[in-house]
Amino acid sequence: MSIPIGKVRTRYAPSPTGYLHVGGAWMAFFNWLFARNQGGTFILRVEDTDRSRSTEEYERAILEDFRWLGIDWDEGPDKGGPVGPYRQTERFHLYRQYAQALLDRGAAYHCYCTLEELEAERQRARAAKRPYRYSGRCRNLTPEQRAEFERQGRRPTIRLRVHDDGETIVVNDLVRGRVEFDPEHLDDYIIVRSDGSPLYNFANVVDDHTMAMTHVIRGIEHLSNTPKQWIMYRSLGWDPPQVAHLSNILGTDHKKLSKRTGDTAVRDYKRAGFLPEALVNFFALMAWYPEENREIYSVREMIEKFRLEDLGKASPVFDMTKLTWMNGVYMRELLRRDPDRAVEACLEPLRNAGLLDGQVTAETRAYIRQVVDVLGDRIKVGRDILTYGDFFFTDAVTYEPDAVKKYFSRKDVATTLAQLRERVAKVDRLDATTVESIVRTMASELRIESREIIHPARVALTGKTAGPGLFELTALLGRDRVIKRLDSAIDWIRRLP
RNA sequence: GGCCCCAUCGUCUAGCCCGGCCUAGGACGCGGCCCUCUCAAGGCCGAGACAGGGGUUCGAAUCCCCUUGGGGCUACCA
């Protein structure tokens, strides 16, 4: 086991009970950024002690989502490392060992109180309107008393003896500053269940120490737990890591981020066609602004500029609208530099909409590439290929009610479209310039505005009022499809009451 | 209930630590105009905030206190 002295080590510890949550990814991102900025090590540790809800499937999915985000780890369950294993269920021997150490030095003790007895204590405290603290009944049991409880078949838990010297516990939080806790409000808490399994506050301390973590960036919900953990560090004779507590991301309703106000899994964003670099850039802007008056940063820049002290304390709201804008910025960049990746982001949405199935052939890919070119910067997120260009993938064009009302209601529309159809039928190759000249000359011959042809034609071809330029989309659709769609539209309009 | 954290435009935030440069800056979104075959993008313009109250000070968004409002911990959850 070799861990470089003085090197920063951070970690993220997901529970494999679901897909990677954006809140978790956000938290992991800052741990990762800090480690990378410091030339340190970033570790993934799987907290799978909740055996009923944890699955290997989720663990794999979480690692996959991290990879997709571009957040890599130096040590973890899949690749091992000097302080493994990296799954808590595989570290029980360590928890047992340190629980015993605590017991041996009298810093912890067996507690034989039953759930019912504890509940009764709690009730009494509530009835008397006193803050509840464990009574400490089992603090100083004699061997005889213990033997008696054992005889009764009671299985003990292990409690940590909170120091009763009354000394204030100081947490020097890297983002919040000095926070003081009066141990008066703490009580001896359970670190090992009666079935022998470790509780979070215990396993966490053992893991963070044995894994040699130097800095722990975690959610604000852990700040109140910190003094308890500090006591344990002291009891074990260990130095605690540096900590930084970040407020949690909120939904637009200012409540904890939930499905109600938007997608919560990183995977959902991937499926919708968001770009990992945009997501990560967006993450950074919640609680951290590298510098004034700028919001677009490459990962490289973020790593360079990251400073723990610059992290904000308030709870940010996850603003989907801004994320979408930011994704658009990256998408536009991709359209110029690496259109194939833009195409990639459109694949999932197309599949989910049932407009694409099976293996994507090179030919299909090339076609999608053309669609993406035509749609251009209208695609802010992969799924926009559907909102603006579904008609490129299906002949079943449905006319939007508003579009019908606006452009199909005029008397002579069918005639105009029929005219256009005839003129289109006369050429054998349709390209954008050809269509444009057809439309323009037709307009001047009929002494009407080009838009009087363009708008109805767009609806006929796409079903929509908004979308790419008519000439470009017509060219991509090709003569045959255009004629067919013009025919059906004319037919459709003539059947109107 | 007890303890802890937080509080600048609707949202992300700069400024706050080290009071005056702040008639509080930027971005998203919103409104208007321009460009234009529609939409998107782009350009220009605009509306929009220091939670409230007390102090301290010549002077407070910045320091202190209280209140209010959010959030968290208080489990044999993580």
Side-chain angles (χ1 to χ4, degrees), chain A residues 13-15 17 47 49-50 53 111 113-115 118-119 122 125-126 129-133 155-159 171 173 175-177 179-182 184-187 189-201 203-204 219-228 245 247-248 250 252 254-256 282 284-289 291-296 309 312-326 328-329 332 375-380 384 387-388 403 406-407 436 439-440 443 449-455 457-459 462 464-471:
Chain A
S15 288
T17 55
E47 306 216 326
T49 50
D50 186 343
R53 294 193 303 144
C111 172
C113 295
T114 62
L115 257 13
L118 294 173
E119 186 49 36
R122 237 172 255 127
R126 191 170 329 168
K129 291 191 187 281
R130 307 195 76 98
Y132 171 72
R133 290 177 65 198
R155 297 268 68 92
T157 58
I158 298 175
R159 280 187 191 268
V171 173
D173 191 290
V175 334
R176 270 155 228 284
V179 184
E180 297 184 353
F181 294 89
D182 186 339
E184 165 86 9
H185 305 288
L186 266 31
D187 64 355
Y189 67 103
I190 297 174
I191 58 173
V192 178
R193 293 186 183 90
S194 42
D195 69 359
S197 59
L199 258 1
Y200 170 78
N201 274 314
N204 213 256
I220 187 74
E221 65 272 23
H222 297 298
L223 180 57
S224 297
N225 282 323
T226 311
K228 295 180 181 182
H245 291 95
S247 293
N248 293 113
L250 267 27
T252 39
H254 281 86
K255 297 257 164 55
K256 220 171 159 163
F282 178 71
L285 260 34
M286 288 189 288
W288 183 54
Y289 252 67
E291 58 187 67
E292 228 175 306
N293 302 348
R294 186 149 86 99
E295 26 283 315
I296 304 297
E309 312 84 73
K313 302 184 228 201
S315 330
V317 169
F318 193 92
D319 183 0
M320 210 77 68
T321 316
K322 189 158 185 175
L323 203 213
T324 303
W325 162 78
M326 182 166 282
V329 172
R332 259 168 263 143
L375 256 28
D377 56 27
R378 268 162 282 248
I379 304 179
K380 296 220 243 329
D384 288 335
T387 63
Y388 291 109
K406 230 167 149 189
Y407 301 117
E436 174 152 19
V439 170
R440 303 265 187 229
E449 295 285 346
S450 321
R451 73 174 79 93
E452 291 177 64
I453 302 167
I454 291 172
H455 292 316
R458 187 199 320 283
V459 178
T462 74
K464 306 170 200 301
T465 55
L470 182 77
F471 311 138

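Each chain gets a letter, A, B and so on, in the order its sequence line appears, and its residues count up from 1.
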_Within the 4.0 Å limit for protein heavy atoms, which parts of nucleotides 31-38 of chain B are touched? Write it as a string from 5' to 3', B for base, S for sugar-phosphate only, - for none._
------BB
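- Rounded to whole Å, the separation between the P atoms of B:C50 and B:G10 comes to 9 Å.
- When distances are taken from the side chain of A:Tyr132 to each of B:C76, B:A75, B:U74, the shortest belongs to B:A75.
- Scanning both residues, A:Val317 and A:Met286, for their nearest heavy atoms gives O-SD, 4.1 Å.
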Atom pairs under 3.5 Å, N or O on each side, protein against nucleotides 61-68 of chain B: can you list them with distances?
none

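- When the P atom is compared between B:G15 and B:G20, the two are found 13 Å apart, to the nearest whole Å.
- Judged purely by atom type and a 3.5 angstrom limit, A:Arg155 has no side-chain atom pairing as donor or acceptor with the backbone of A:Arg193.
- In this structure, A:Arg155 does not reach the B:C76 phosphate: none of its side-chain N or O atoms is under 4.0 Å from OP1 or OP2.
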Between the protein and nucleotides 13-19 of chain B, list every N/O to N/O distance that falls short of 3.5 Å.
{"unit_1": "B:U13", "atom_1": "OP1", "unit_2": "A:Ala287", "atom_2": "N", "d": "2.3"}
{"unit_1": "B:A14", "atom_1": "O2'", "unit_2": "A:Glu292", "atom_2": "OE1", "d": "3.0"}

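- For the pair A:Arg193 and B:A78, the criterion of a side-chain N or O lying under 4.0 Å from OP1 or OP2 is met.
- The phosphate of B:A78 (OP1 or OP2) has a side-chain N or O of A:Thr49 nearer than 4.0 angstrom.
- For B:C6, the OP1/OP2 oxygens have a side-chain nitrogen or oxygen of A:Lys313 closer than 4.0 Å.
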